[in-house]
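See structure below.
Naming: A, B, ... by sequence-line order, numbering from 1 per chain.
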Amino acid sequence: MALAMFAVSCGRPATDKTILRVASWAGAGEDNEYFRLVDQIYRDFERDNPDIKIVIENMPGDYVPKMMLSHIAEVVPDVVILDASSSALFKKNGVLQDLTPFLEKDKAFTRDQFYENTLLAGTYQDRLYSIPVDFTPMVIYYNKDLFDKAKVPYPKNGWTFQEFMDTAAKFQSIGKKGFVVSNWMPGWVMWLWNNGGSVLDPSGSKATGTLDSPQNVKTIQFLKDLVDKGCAPKLTEVSGTGVDPFANGDVAMATSGHWSITGYKSAKEINWQRLGIVSMPTQLTSPVTVYYESGLGIGNGCKNPEAAWRFIKHFCSYKNQLRYNSSGIAVCARKDVSAERAKDPIEHDFIELIKGSRPPLGAEVEGYSYVEQQGEKMMDSVLNGRKTPAEALREMARRVDREFDK
Amino acid sequence: MTSLRQRENRSGWLFVAPATIHLFLFALLPIGFTVYLSLFRWKLYRPDKTFVGLNNYQYSASDPAFLNSIWNSLKYALVAVPSGIIVALAIAIMLNQKMRLSAFFRTIYYLPAISSGVAISMVWIYIFLPENGLLNTLLGHIGFKDIDFLGKSETALWALAFMSIWTGLGPKVVLFMAGLIGVPQTLYEAAELDGATGWRAFRSITLPMLIPTTLFVVVTSTISAIQVFTPVYMMTKGGPEDSTEVVGYHIYSEAWTSFNTGLASAKSFILFILIAAVAYIQFRMTKKQLEGHSVQ
């Protein structure tokens, strides 16, 4: 650990300029259109701010533990990327500086430029710790070509679980499956929400009595039924093949975020322009979904927070956000950029779903990644037929409570 | 005389100093610090540490996930160690024959030992793929179809153990070959005069003469099998369900996912004791065998 701390604090170039250390999820030498775009935004900042030099600190893989190590070594980068899924850990443990005073002073850069709920992932006790850079609500993608071929009407926002099941069952006639149940808890947690269930109690510290509720048992059974009734491929047919059955044109609907569009555009078996998106099916009066987001914050040890704030404003400006989001990776949290991008029908449909989206529980609960790990084990045991949903959820709740009691 | 002895002593100490300092800094000190940390309840990223005495050890002893991970590691070792040794011995005997391309095959069998564990794991993910994986394609010719080796809790741990036979081959083969070269040729000649050749000579001469080598290979293989981490981290993340959550991966998750540094330290020290105990038992058992066994 001491070696890691030492390594983190080494390797700074000698220069008269203010060094701004910017954390990055990319690996050193990673090169694709997205990273070239981001790099161009960095270079533009250096051109406009000749007194500042940006030094990228690559942290590919295990970003959260690496950031926590840099926190205890007091070498947190000046500009930190905040992933909504783990932001509680950063916000509650003093890793970041409060951005509220910067925002209050800055008349040209205001909260109301952003969708209000996208600021929640970076908010703790009414203070703002990150400015959203990109985000995406989780939605259902559907393949219009397969719907037309099977003569199934396109789904509409607000559809129910039963309507979803009926729709998913209609593709076997053309030799396809209706839906793919992928076992990744961030990709299925909103099914629980849409059936009135939750993962943790309101205090965020106890699972028993909430996670193993009758609603959640019904929801997990519903997802299992999709597989058992042949509406969705078995888990073993999906996992480990390295093939996305939706991108491969074998499945008519899939749950994912905006990031998938980049892959769908290059998929040979589907026409991405014939894709639609629709809300999650719901048993509530209006659908809800989870959103995933990355934002930029200022590290607690940053010696020149004004420079870091200038950088964040530069990255989150209208011009740069328009360029950044043209990569197709996500939806923009800025209303003006999204309004511009809404001319594209898919972007328009994504923006429609923003209002029903909530941050992931990892934005509120420290250690939520453990819950997600256990969620996947729970779902494995149900879909592989080793446990009933009730047994599996009870076991998961017991484990989560034990973990939170440690 | 005294001065000469003193000089020799000093030289001796200087020779062992680098290794001793290295051992102290990178082995003994971290072990001591681990034991110290194991007495505290401590979230890595929080400044406050609470002294809890032996509570972390008590908790670990009743932690079903930790006990399950130890059980998984033992199951893995019980399969990976004997099968790895049998295959390595067979290959060493084969390579020990005077055959063409023997040096080439020696190099080939050693390659996994010098390859990156991460890269090897990535290759084996593709070998194990259910539909178009190499193994399933081969098995398809004899009637087996699309086995999801890593995706099913019944097969995942055994798939990793199977993979370890290949990845751990190089050093074992080298050790066995060195052992085989050390068997005096005169023993085989004497046995031949008595009419003992082939299997009888192997059972009565080769195997007993290889006992010291086998002891070393068994102990080192068992230690590395119980410590297995890279393939689990890369290929299964402990799943499906908990079927491949081995103790090394469990401790990693405790430390770096849950950040329970005190508890992870206690579990690490328990693992240290476990490995030391297994190694001690193996030494005792094999030593007895060595003492009671002579070339017949």
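Heavy atoms closer than 4.5 Å to chain B are found in the side chain of Asp62(A), but not in its backbone. Residue contact with chain B, scored on non-hydrogen atoms closer than 4.5 Å, involves the side chain of Gln373(A) exclusively. In this structure, chain B has a heavy atom under 4.5 Å from the side chain of Arg399(A), while its backbone stays farther away. Of the two parts of Leu263(B), only the side chain, counted from C-beta on, holds a non-hydrogen atom closer than 4.5 Å to a non-hydrogen atom of chain A. For Asp63(B), the parts lying near chain A are the backbone and the side chain together; criterion is any non-hydrogen pair under 4.5 Å.
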What do the steps show when you test Lys406(A) against Glu254(B) for salt bridge (charged side-chain N to carboxylate O under 4.0 Å, His left out), and what is the final call? CA-CA 11 Å; Lys406(A) 276 180 185 169; Glu254(B) 192 72 83; 2.8 Å; yes
Take Phe259(B) and Val64(A), measure what side chain to side chain contact (heavy atoms under 4.5 Å, CB included) needs, and give me the verdict at the end. CA-CA 10 Å; Phe259(B) 299 106; Val64(A) 175; 4.0 Å; yes
Step by step, work out the side chain to side chain contact (heavy atoms under 4.5 Å, CB included) result for Glu245(B) and Lys377(A). CA-CA 11 Å; Glu245(B) 180 154 317; Lys377(A) 289 179 179 178; 2.8 Å; yes
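The two residues Ser62(B) and Arg402(A) have their closest heavy-atom pair at O-NH2, 3.2 Å. Closest approach of Ser258(B) to Tyr370(A), counting heavy atoms only: OG-CD1, 4.1 Å. In plain terms, the two heavy atoms of Leu44(B) and Ile72(A) that are nearest each other are O-CG2, 3.4 Å.
More than 12 heavy atoms of other residues, nucleotides or ligands sit less than 6.0 Å from atom CZ of Arg398(A). Applying the 6.0 Å contact sphere to CH2 of Trp71(B) captures no more than 12 heavy atoms from other residues, nucleotides or ligands. Within a 6.0 Å sphere centred on CZ of Phe15(B), heavy atoms belonging to other residues, nucleotides or ligands number 12 at most. Crowding of Glu74(A) atom CD: a count of heavy atoms from other residues, nucleotides or ligands under 6.0 Å not exceeding 12. Atom CZ of Phe33(B) is surrounded by 12 or fewer heavy atoms from other residues, nucleotides or ligands within 6.0 Å.
Note that CG of Asn384(A) and CG of Asp148(B) are 8.5 Å apart. Values are rounded to the nearest 0.5 Å. A distance of 5.5 Å separates CD of Glu403(A) from CG of Asn260(B), quoted to the nearest 0.5 Å.
In this structure, Glu376(A) and Lys237(B) have side chains that are not in contact, with every pair of non-hydrogen atoms separated by 4.5 Å or more. Between Lys43(B) and Asn93(A), the closest side-chain pair of non-hydrogen atoms is not below 4.5 Å. Two residues are said to be in side-chain contact when any heavy atoms from C-beta on lie closer than 4.5 Å; Lys92(A) and Tyr45(B) fail this criterion.
Per-residue heavy-atom pair counts under 4.5 Å with chain A were compared for Gly133(B), Pro64(B), Gly238(B), and the maximum is reached by Pro64(B). Between chain B and the options Arg386(A), Met379(A), His71(A), the largest number of non-hydrogen pairs under 4.5 Å is found for Arg386(A).
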